[in-house]
There are 2 protein chains.
Amino acid sequence: MTTPLPYRQHDHAHCVEHALADAREICKRSGARLTPIRERVLQLIWQSHQPLGAYELLAALSQDGHQAAPPTVYRALDFLQQHGLVHRIASLNAFVGCPHAGRAHTGCFLICQTCRNVLELTGKEISAAIEQQSQRQGFRIDHVIVEISGQCPACQQAAANS
Amino acid sequence: MTTPLPYRQHDHAHCVEHALADAREICKRSGARLTPIRERVLQLIWQSHQPLGAYELLAALSQDGHQAAPPTVYRALDFLQQHGLVHRIASLNAFVGCPHAGRAHTGCFLICQTCRNVLELTGKEISAAIEQQSQRQGFRIDHVIVEISGQCPACQQAAANS
DNA sequence: AGCCGAACTGTTATATTGTTGCAATCCCTC
DNA sequence: GAGGGATTGCAACAATATAACAGTTCGGCT
Ligand SMILES: [Zn+2]
Ligand SMILES: [Zn+2]
Ligand SMILES: [Zn+2]
Ligand SMILES: [Zn+2]
């Protein structure tokens with residue numbers, strides 16, 4: 001078994017470039033305006049695979065010399081969420097970049113409690129099971145949240161070696 | 001298809017009685033103290049199948065004539081969660097009684113955005129799919145959140161008839 | 001019964017997260 | 001270059017959750 005992204009070393013600059021390029025393309029196609037603030041917030045979120053809180057983003061914007069208040073950040077986050085560029089992790093009150101932006105998917109998040117990195121799965125098995133069980137109850141689905149907290153393979157190994 | 005609980009009329013007093021009796025039994029067996037505050041909070045939560053926020057509980061306790069501050073409620077909620085008597089719904093910042101207290105299960109919540117009622121599923125299909133996908137990534141699971149927002153059968157029917 | 005330590009509760013203050021409302025500005029279109 | 005919608009700046013506020021510490025209650029023990 002190879003440790004999956006993002007739980008191992010990788011060329012993260014590539015993740016960021018890819019995410020930003022995708023974002024520009026997606027916004028262009030849908031006629032949405034990826035303004036400097038929005039792009040900067042997206043870039044900040046993609047600093048790592050660890051979700052960032054709104055007020056952490058706010059602090060980072062202030063460090064830029066950019067005057068910013070909470071609504072600035074929340075509005076940018078709303079925009080990015082609406083266009084599928086970031087996801088909110090409800091159990092952390094934090095936001096993470098979506099590696100599958102543009103492709104239809106139901107996020108399913110593996111959250112390592114040790115290194116804080118988050119992996120977004122897209123396998124159909126889980127969403128299929130959820131749809132089946134909901135349908136059995138006659139329930140019409142709008143939105144699904146699946147957040148799995150635990151320990152990633154890298155951190156398990158690190159813990160075992162100590 | 002019959003509309004499932006809690007989305008149809010039912011003898012809810014029975015739900016409450018059952019939940020409280022279960023809670024007393026579970027606490028007795030584990031040597032935990034179901035104090036008056038804790039029991040009252042549990043009873044308040046079971047007023048309905050709609051999740052209650054901590055500050056709604058706080059207001060209700062105050063109406064009792066009980067002087068209460070946020071820590072009172074949060075401590076009671078912590079206790080009830082630790083003993084599996086209530087669940088926190090992360091997407092609502094609210095708490096709902098667990099109808100399967102005492103039995104090992106991974107909650108999976110169907111949240112009606114119209115009537116606010118929440119049904120907790122316990123089918124194994126979803127958790128099995130989650131465990132399988134996590135294992136495939138080498139991820140060790142601590143805790144799983146599945147929250148499905150949408151519309152319950154009763155509210156779908158009501159919407160169709162208008 | 002009386003004592004002790006742990007658990008529980010009261011109280012105040014504070015931290016964290018998210019929203020409302022309105023004015024000013026920007027950008028695209030006509 | 002005017003009109004109008006989207007975006008941003010800004011101030012205040014609302015909602016949710018926690019920290020710290022003092023007082024009280026409870027159950028087991030002598
Ligand atoms: Zn990366
Ligand atoms: Zn990890
Ligand atoms: Zn009921
Ligand atoms: Zn409903």
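In this text the structure is predicted, and so the values were computed from the model without any measurement. The sequence lines fix the lettering, A, B, ..., with proteins before strands; numbering per chain opens at 1.
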**Request:** Sequence neighbours left out, what passes salt bridge (charged side-chain N to carboxylate O under 4.0 Å, His left out) with A:D11? Give chain and number order.
**Result:** none
**Complete:** From CD of B:E39 across to C1' of C:dC8 the rounded distance in Å is 16 Å
**Message:** Report for the helix from C:dA1-D:dT30 to C:dC30-D:dG1: angle between first-end and last-end helix axes, five pairs each, rounded to 10 degrees.
**Reply:** 20°
**Prompt:** Would you find more than 12 non-hydrogen atoms of other residues, nucleotides or ligands less than 6.0 Å from A:H18 atom NE2?
**Reply:** no
**Request:** Return yes when atom CD of A:Q157 has more than 12 non-hydrogen atoms of other residues, nucleotides or ligands closer than 6.0 Å, and no otherwise.
**Result:** no
**Request:** Mind checking the CD1-OG spacing from A:I145 to B:S149? Nearest 0.5 Å is all I need.
**Result:** 6.0 Å
**Asked** Of B:H12, B:E120, B:R116, which meets side-chain hydrogen bond (donor to acceptor under 3.5 Å, both in side chains) against B:H49?
**Response** B:H12
**Prompt:** With the threshold set at 4.0 Å, does a side-chain nitrogen-carboxylate oxygen contact exist between B:R140 and B:D142?
**Reply:** yes
**Message:** Please report the distance, rounded to the nearest Å, between CG in B:D64 and P in C:dG10.
**Reply:** 12 Å
**Request:** Return yes if some donor-acceptor pair links the side-chain N/O of A:E56 with the main-chain N/O of A:G53 below 3.5 Å, else return no.
**Result:** yes
**Distance (rounded to the nearest 0.5 Å) between A:D78 CG and A:R88 CZ** = 10.5 Å
**Message:** Contact list please: residues 19-32 of chain B against DNA chain D, heavy atoms, distance less than 4.0 Å, in numerical order.
**Reply:** none
Which atom pairs link the protein and nucleotides 25-30 of chain C when you take only N or O atoms and keep those under 3.5 Å?
none

**Asked** CD/A:Q43 to CG/A:L57 distance, rounded to the nearest 0.5 angstrom?
**Response** 11.5 Å
**Prompt:** Do A:L121 and A:F109 touch side chain to side chain, with heavy atoms closer than 4.5 Å?
**Reply:** no
**Prompt:** Are the aromatic ring centres of B:H105 and B:H87 under 6.0 angstrom apart?
**Reply:** yes
**Item:** Interatomic spacing from OG in B:S134 to CD1 in A:I126 - rounded to 0.5 Å
**Value:** 6.0 Å
**Request:** Look up atom CD in A:E25 and atom OG in A:S30, then write down how far apart they are to the nearest 0.5 Å.
**Result:** 10.0 Å
**Message:** Please report the distance, rounded to the nearest Å, between OH in B:Y74 and P in C:dT16.
**Reply:** 15 Å
**Side-chain touch B:Q151/B:C155, heavy atoms, less than 4.5 angstrom** = yes
Tabulate protein N/O versus nucleotide N/O from nucleotides 9-13 of chain D, keeping only pairs under 3.5 Å, one per line.
unit_1: D:dG9; atom_1: N7; unit_2: A:R75; atom_2: NH2; d: 2.8
unit_1: D:dG9; atom_1: O6; unit_2: A:R75; atom_2: NH1; d: 3.2

**Message:** I need the residues from residues 76-97 of chain B with at least one non-hydrogen atom less than 4.0 Å from DNA chain D; give them sorted by number, or say none.
**Reply:** B:R88, B:N93
**Message:** With side-chain contact (heavy atoms from CB on, under 4.5 Å) as the test, pick out the partner of A:F79 among A:H83, A:R75, A:Q82.
**Reply:** A:H83
